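Since the structure comes first, as structure tokens, the remarks are kept for the end.
Throughout, a chain's letter reflects where its sequence line sits, starting with A, and its residues are numbered from 1. Quick caveat: nothing in here was measured; it's all calculated off a predicted structure.
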There are 2 protein chains.
Amino acid sequence: MIAVSEHNAPSDKHCPHNAAINCASCRLSAICLPLALAQDEIVQLDEIVQRGRPLQKGQHLYRENDNFTSVFAVRSGAVKAYSMSDSGEEQVTGFYLPGEILGMDGIGHNRYASSAVAMEVSAICEIPFANIEDLSGKLPNMQKHFFKLLSQEIVEDQRHITLVSKHTAEERLASLIVSISARNARRNLSPLNIRLPMSRTDIGNFLGLTIETVSRVFSRFAKQGLIEVDKKELVVLDIDALKTIASLGH
Amino acid sequence: MIAVSEHNAPSDKHCPHNAAINCASCRLSAICLPLALAQDEIVQLDEIVQRGRPLQKGQHLYRENDNFTSVFAVRSGAVKAYSMSDSGEEQVTGFYLPGEILGMDGIGHNRYASSAVAMEVSAICEIPFANIEDLSGKLPNMQKHFFKLLSQEIVEDQRHITLVSKHTAEERLASLIVSISARNARRNLSPLNIRLPMSRTDIGNFLGLTIETVSRVFSRFAKQGLIEVDKKELVVLDIDALKTIASLGH
DNA sequence: CGCCAGCTTGAGGACTCTCAACGTAAGTGG
DNA sequence: CCACTTACGTTGAGAGTCCTCAAGCTGGCG
């Protein structure tokens with residue numbers, strides 16, 4: 001699916017876009033697939049992971065109804081998944097940041113149920129699912145971890161259902177900000193200085209709001225001194241207030 | 001989790017509440033867990049399935065934050081799953097009809113992420129997850145099927161997100177009716193004469209609507225000649241119209 | 001410089017919610 | 001047997017949140 005680079009990249013192992021890297025040395029190993037595996041098991045995982053050249057912004061990882069072949073891990077950048085309903089409307093189903101796995105919605109029917117597109121230049125690890133199945137048969141840890149991953153995505157989705165069906169615009173947006181902040185923290189990035197990789201349109205679509213409402217709520221939060229926004233740059237001034245709003249009953 | 005009956009039930013194998021039944025002879029085998037397995041594999045599955053006495057209406061199968069031990073298959077009756085958010089509001093996450101599997105949201109964190117309660121007298125098969133993991137390591141079909149099941153639930157949930165975040169009250173309710181109708185058909189029940197096992201409150205909660213709105217839309221559909229409703233009895237008069245409404249863009 | 005995409009802000013309207021009253025059926029106790 | 005209670009559902013009127021439509025702003029790029 002991803003073109004594998006024909007020659008090895010130069011030796012800078014610290015560049016996150018660098019394809020010449022392995023799971024054991026990847027600085028995301030603590031939050032990505034290897035997290036459940038022993039050292040010798042990571043080596044086996046490493047052998048089936050394919051690392052392509054970076055995707056440019058707007059390039060697709062896969063498209064809805066493509067034959068399902070692989071799941072993907074984001075190494076750098078950011079990816080959005082979205083699906084098209086019968087009626088032609090787009091639904092953004094998720095944003096994927098470094099260390100996160102996507103594509104698992106394709107397992108069920110051997111076709112991807114969504115499309116995935118890079119929201120900025122992104123480095124991606126591709127993991128052929130047939131190999132994951134093999135490996136899962138051999139390594140109980142791997143099987144267990146994958147069951148967990150799938151189950152956690154179900155729980156996430158159910159939380160999201162609650163969010164969009166029972167919460168106000170302010171609660172939804174606060175919730176997204178808090179989520180991205182927490183995921184930044186997990187990667188040892190600042191939880192308060194955030195760069196939003198997605199457009200307002202994507203945010204609105206993901207949260208079940210129009211772009212205008214998203215814009216208005218951002219402005220309201222800024223006016224209240226909770227955040228500062230300048231386009232995609234977001235400074236969180238009062239994370240506790242946002243958490244409170246996010247967990248507010250309706 | 002479920003009390004296993006101390007003595008075998010009488011020999012009427014045709015009663016769906018009968019605990020003395022096995023997967024091979026279960027009339028739901030074509031749509032339940034065995035569907036992906038070979039004859040000799042079903043026997044192995046059968047050995048780990050525990051069949052309890054029927055649950056009465058209102059009895060819980062498990063509760064949110066209980067230790068995760070098993071997944072469950074509905075053999076007869078109907079079960080609803082729901083979760084409580086921090087703010088104490090209830091979110092109905094799914095309705096489970098005969099042949100359907102629930103409880104998989106517990107895999108991710110070894111605790112159930114939702115509670116499950118019988119909406120009417122229900123017979124349930126309990127399948128300890130540790131045994132499923134073992135069996136999955138031995139039977140690639142079993143592993144594959146479980147991956148599929150989990151993945152399909154993700155896709156379902158994402159569809160539901162679209163439903164509640166982008167569709168009108170009429171579209172949501174039409175969608176639910178069509179879904180239940182189709183699931184009835186899968187069990188060789190009438191797709192047009194439906195008994196709704198859940199209350200209006202549950203329907204509203206599931207669809208992100210208030211009970212009043214649900215009631216009004218039912219009335220509107222009836223007035224338009226699409227359905228007849230008398231409490232929980234539902235007669236579908238124009239399934240095509242409902243399908244059209246359900247798949248309407250916004 | 002002009003154009004376009006993305007975003008912001010305002011005004012009015014629509015859909016659904018809230019509040020409230022009423023209806024129906026089932027169960028309880030006198 | 002009937003009055004009472006309770007749970008559940010229906011229907012109506014008014015209010016609120018968010019959407020729609022519209023105009024204007026900003027920054028990047030040919």
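- Atom NE2 of A:His167 is separated from atom C1' of C:dT16 by 17 Å (rounded to the nearest Å).
- For A:Phe72 and A:Tyr62, the distance between ring centers is under 6.0 angstrom.
- In this structure, B:Arg220 places its CZ atom 9 Å from P of C:dC15, rounding to the nearest Å.
- The interatomic distance linking B:Lys166 (NZ) with C:dC15 (C1') rounds to 17 Å, in whole Å.
- One interatomic measurement links the two molecules: CG of B:Leu196 to P of D:dG9, which rounds to 10 Å at whole-angstrom precision.
- Phosphate proximity of C:dC17 to B:Thr210: present, with a side-chain N or O under 4.0 Å from OP1 or OP2.
- Summarising the geometry, the separation between NZ on B:Lys57 and C1' on C:dA26 is reported as 11 Å, rounded to the nearest angstrom.
- For A:Arg216, the side chain to side chain donor-acceptor pair (under 3.5 Å) test picks out no residue, with sequence neighbours left out.
- Checked against ring-ring contact (aromatic ring centres under 6.0 Å, His included), A:Phe95 has the following partners two or more places apart in sequence or in another chain: A:Phe206.
- When heavy atoms are screened at a 4.0 angstrom cut-off, B:Gly204 is found touching no nucleic acid atom at all.
- A search for salt bridge (Lys or Arg N to Asp or Glu O under 4.0 Å) contacts involving B:Glu64 returns nothing, not counting sequence neighbours.
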- line: Once base and sugar-phosphate atoms are separated, protein heavy atoms under 4.0 Å mark nucleotides 5-13 of chain C, 5' to 3', with B, S and - as --SBBBB--
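- As rounded to whole Å, 16 Å separates atom C1' of D:dT17 from atom CG of A:Leu173.
- Rounded to an integer number of Å, the gap from CG of A:Leu248 to P of D:dT17 is 13 Å.
- We find that CD of B:Glu233 is positioned 14 Å from P of C:dA25, with the value rounded to whole Å.
- Taking the salt bridge (Lys or Arg N to Asp or Glu O under 4.0 Å) definition, one finds that B:Glu156 meets it with B:Arg159, sequence neighbours left out.
- Every residue meeting the salt bridge (Lys or Arg N to Asp or Glu O under 4.0 Å) condition with A:Lys80, not counting sequence neighbours, appears here in chain and number order: A:Glu90, A:Asp202.
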